[in-house]
Protein chains: 2
Amino acid sequence: MSRLNYHHLYYFWRVAKHGNLTATAQQLAISQSALSAQINQLEHSIGQPLFTREGRTLVLTELGQTVLNYAEDIFQRGEELQQLLKQGTLALPSLKIGVLSSMSRNFIDTFIQPLMQQNDVHFQLIARPQPELQELLAQHQLDIILTNHELPSNDEIAWQSQLLARQPVSVIAPQPLAHLPTQIDASYREQRWVVPSYASPLRATFESFCTQHELAPDIIAEADDMAMLRLLARDSGALAVMPAVVVRDELLSGLLSKRFELPNSFENFYAVTLSRKYQHPLLPSLLQATQHLS
Amino acid sequence: MSRLNYHHLYYFWRVAKHGNLTATAQQLAISQSALSAQINQLEHSIGQPLFTREGRTLVLTELGQTVLNYAEDIFQRGEELQQLLKQGTLALPSLKIGVLSSMSRNFIDTFIQPLMQQNDVHFQLIARPQPELQELLAQHQLDIILTNHELPSNDEIAWQSQLLARQPVSVIAPQPLAHLPTQIDASYREQRWVVPSYASPLRATFESFCTQHELAPDIIAEADDMAMLRLLARDSGALAVMPAVVVRDELLSGLLSKRFELPNSFENFYAVTLSRKYQHPLLPSLLQATQHLS
DNA sequence: TTAATCGTTCGTTAAAATAGAACGTAACTA
DNA sequence: TAGTTACGTTCTATTTTAACGAACGATTAA
């Protein structure tokens with residue numbers, strides 16, 4: 001390897017971020033063949049492949065992921081410089097927040113509250129299922145993801161999970177059932193229930209709670225999406241199991257009421273970032289501001 | 001400006017850091033003419049000069065300094081990546097510490113103590129007069145400078161001064177004078193003195209102290225270099241005015257003794273860095289470790 | 001005044017990047 | 001299962017870019 005060719009690296013960056021050579025070539029206004037050749041040269045000069053050709057797509061190798069992380073730092077800063085040179089000012093880049101589709105929007109609303117105060121800040125919310133979120137974050141298309149899955153850091157990618165909040169899981173009742181006691185007792189035996197599906201760790205907690213209190217619940221509906229659970233809680237007339245934050249507004253308006261919390265059961269909310277040298281300038285303050293969103 | 005040419009920027013980086021086109025061309029193993037042409041192209045694509053041609057040297061413009069800061073971040077990280085690709089590991093780059101030539105070496109010794117504990121750390125000490133230190137730091141040839149001048153940040157360069165320690169200024173006596181009282185009195189009137197020169201802010205403090213106590217000192221020698229003052233204190237037989245840390249070893253061995261401290265007079269020691277996105281990884285811990293080196 | 005140093009300019013040559021066409025697979029679709 | 005589309009690779013010809021070297025100009029040092 002003589003000397004790193006930054007133009008090759010730049011092309012690699014664009015392709016790796018985007019995951020698609022043809023489309024990237026169009027963006028860059030050059031031919032695929034040129035792009036392909038340049039990336040081959042980069043791989044050749046490094047001596048190892050950065051992509052594996054799987055089917056008709058390019059997939060980053062482990063080394064490729066590492067190089068992408070460096071490239072991101074390098075060209076992120078380069079783009080900043082270009083903006084400075086062109087416009088004379090440095091607009092804060094938009095903060096890209098990935099959120100798990102099935103998560104409570106109320107929780108997210110609380111998280112981004114500090115951002116909404118500042119009016120010079122742009123941010124994007126991108127709702128996706130968990131695997132997609134991880135892929136987008138790895139490709140530096142997101143700055144942060146909000147999820148209830150903790151992501152332990154592995155060799156390939158240095159995830160950084162930070163626990164933002166622990167929400168106790170509550171039993172929520174519609175108005176007709178608002179008279180039920182605030183502790184579990186026999187009156188709960190004959191009720192109908194709406195619960196999270198087995199996809200959620202909450203379900204297991206609920207099941208063990210039932211076993212403990214010899215409750216054989218009549219489950220009429222289940223869902224893994226908090227927005228859906230919220231609607232079921234509101235409209236089904238049954239008892240519902242979920243973190244109270246999901247139906248925050250309904251609890252405030254009196255439409256629903258919280259009967260009690262399941263003991264020792266929590267839903268955890270995490271902020272996951274990539275540990276990089278460069279980070280979005282708003283991230284540190286945002287993560288500090290939301291140390292305890294309970 | 002179409003798109004930033006990273007190879008041009010790379011050449012600019014090398015030249016700006018080094019401050020000399022011919023020598024840089026040799027390092028890069030290309031001709032001056034090629035280098036000159038590339039940098040001209042960069043300036044042309046930006047639309048503004050990065051250097052002013054003063055005499056036969058290149059001097060960074062204010063914009064040039066800004067671009068250099070970005071380039072430093074970009075290529076610093078690029079060099080890291082290259083090292084990783086070549087050697088498979090990431091050796092910590094050597095920490096380059098600039099020190100003011102006239103400062104006490106004992107103080108510096110204390111500062112770098114934490115570095116000497118770790119045996120995987122390389123560092124370089126570069127002693128220069130103040131103006132050169134500033135220039136080298138601005139060119140990113142140094143990571144940090146240790147000095148007794150505070151450098152307020154200006155528009156052109158974002159200096160960051162951190163007060164490391166305040167050393168009280170003491171009157172130091174050789175053994176034959178060790179009997180002098182630990183407060184100023186008439187017995188000090190007939191003594192001979194060694195003092196810092198007017199280049200040092202200490203001198204003014206000493207003068208005002210003299211006025212206050214109606215002391216007209218018989219000054220036999222002055223110096224602006226602490227190492228030199230130390231020798232004078234040791235060998236002249238006269239009283240000496242300086243921070244005690246300068247003659248730490250001699251005080252411990254009893255060769256010299258501290259009589260008293262000048263009231264409200266301190267020498268301040270600062271660590272000056274450039275506020276950048278990227279910093280040497282050791283800097284933060286080092287600056288924290290030495291919060292109070294008194 | 002002379003010589004050495006340093007950067008620029010110019011014409012020529014060498015090297016690198018690019019487009020375009022042909023090719024090879026994989027995935028979709030009907 | 002055959003036809004079609006999507007995607008990446010390879011090859012050659014062409015264009016663009018970078019490079020050298022010599023000549024030049026200006027500044028500093030001897």
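To find a chain, count down the sequence lines: A is the first, B the second, and so on, and within it residues start at 1.
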Next on the checklist: Under a plain distance cut-off of 3.5 Å, with no hydrogens placed, do B:Ser94 and B:Gln124 share a side-chain donor-acceptor pair?
Outcome noted: yes
Item to check | Contacts of A:Arg203 that satisfy salt bridge (Lys or Arg N to Asp or Glu O under 4.0 Å) - sequence neighbours left out | outcome: A:Glu207, A:Glu222
Checklist entry - A:Gln32 side chain N/O closer than 4.0 Å to the phosphate oxygens (OP1, OP2) of D:dC7? => result no
Checklist entry - Just how far, in rounded Å, is P of D:dA18 from CD1 of B:Ile39? => result 13 Å
Item to check | Donor-acceptor side-chain pairing of A:Gln130 and A:Gln134 below 3.5 angstrom | outcome: yes
Item to check | Minimum side-chain heavy-atom gap B:Phe111-B:Leu286 below 4.5 Å | outcome: yes
Checklist entry - Heavy atoms under 4.0 Å, any strand shown: does A:Tyr11 hit a base, just sugar-phosphate, or nothing? => result sugar-phosphate
Item to check | Polar side-chain contact A:Arg56-D:dA6 base: donor and acceptor under 3.5 Å | outcome: yes
Checklist entry - With no hydrogens and no angle check, is any side-chain donor or acceptor of B:Gln160 less than 3.5 Å from a backbone partner on B:Thr273? => result no
Checklist entry - What pairs with A:Lys96 under salt bridge (Lys or Arg N to Asp or Glu O under 4.0 Å), at least two apart in sequence or on another chain? => result none
Item to check | Rounded distance in Å - CD (A:Gln38) to C1' (D:dT17) | outcome: 12 Å
Checklist entry - What is the 5' to 3' range of DNA chain C, first to last nucleotide, that sits under 4.0 Å from any heavy atom of chain A? => result C:dA17 to C:dA27
Checklist entry - the helix from C:dT1-D:dA30 to C:dA30-D:dT1: angle between its terminal axes, five pairs each, to 10°? => result 30°
Checklist entry - Are any of A:Arg53's side-chain N or O atoms less than 4.0 Å away from OP1 or OP2 of D:dT9? => result yes
Checklist outcome for this item: So the side chain to side chain donor-acceptor pair (under 3.5 Å) pairs with at least one residue in residues 58-69 of chain A (sequence neighbours excluded) are A:Gln65-A:Asn69, A:Asn69-A:His140
Checklist entry - With sequence neighbours left out, what residues match A:Thr22 under side-chain contact (heavy atoms from CB on, under 4.5 Å)? => result A:Asn20, A:Gln32
Checklist outcome for this item: Taken to the nearest whole Å, CG/B:Leu58 to C1'/D:dA26 is 13 Å
Next on the checklist: Suppose we screen for ring-ring contact (aromatic ring centres under 6.0 Å, His included). Which residues come up paired with B:Phe75, at least two apart in sequence or across chains?
Outcome noted: A:Tyr6, B:Tyr10, B:Trp13
Item to check | Between P of D:dT17 and CG of B:Leu35, the distance in whole Å | outcome: 19 Å
Next on the checklist: How many whole angstroms separate atom CD1 of A:Ile30 from atom C1' of D:dT15?
Outcome noted: 14 Å
Item to check | A:Glu43 with A:Arg53: basic N within carboxylate O range, under 4.0 Å | outcome: yes
Checklist entry - Can you pull the ring-ring contact (aromatic ring centres under 6.0 Å, His included) pairs that have at least one residue in residues 22-71 of chain A, sequence neighbours excluded? => result A:Phe12-A:Phe51
Checklist outcome for this item: With sequence neighbours left out, the residues meeting salt bridge (Lys or Arg N to Asp or Glu O under 4.0 Å) with B:Arg128 are B:Glu132
Checklist outcome for this item: When rounded to the nearest 0.5 Å, the distance separating OG of A:Ser36 from CD1 of A:Ile30 is 10.0 Å
Checklist entry - Where along residues 17-24 of chain B does a heavy atom come under 4.0 Å from DNA chain D, residue by residue in number order? => result none
Next on the checklist: Restricting to ring-ring contact (aromatic ring centres under 6.0 Å, His included), what partner residues turn up for B:Trp159, sequence neighbours left out?
Outcome noted: none
Item to check | Rounded interatomic separation in angstrom, taking CD from A:Glu54 and P from D:dA6 | outcome: 22 Å
Item to check | Rounded interatomic separation in angstrom, taking CD from A:Gln41 and P from D:dT10 | outcome: 12 Å
Checklist entry - CG of A:Asn5 versus P of D:dA18: gap in Å, rounded? => result 11 Å
Next on the checklist: Base, sugar-phosphate or nothing for B:Ala29? Non-hydrogen atoms, less than 4.0 Å.
Outcome noted: sugar-phosphate
Identify the pairs formed between an N or O of the protein and an N or O of nucleotides 21-23 of chain D at a distance under 3.5 Å, and give each distance.
from   : atom 1 : to      : atom 2 : distance (Å)
D:dG21 : N7     : B:Ser33 : OG     : 3.3
D:dG21 : O6     : B:Ser33 : OG     : 3.0

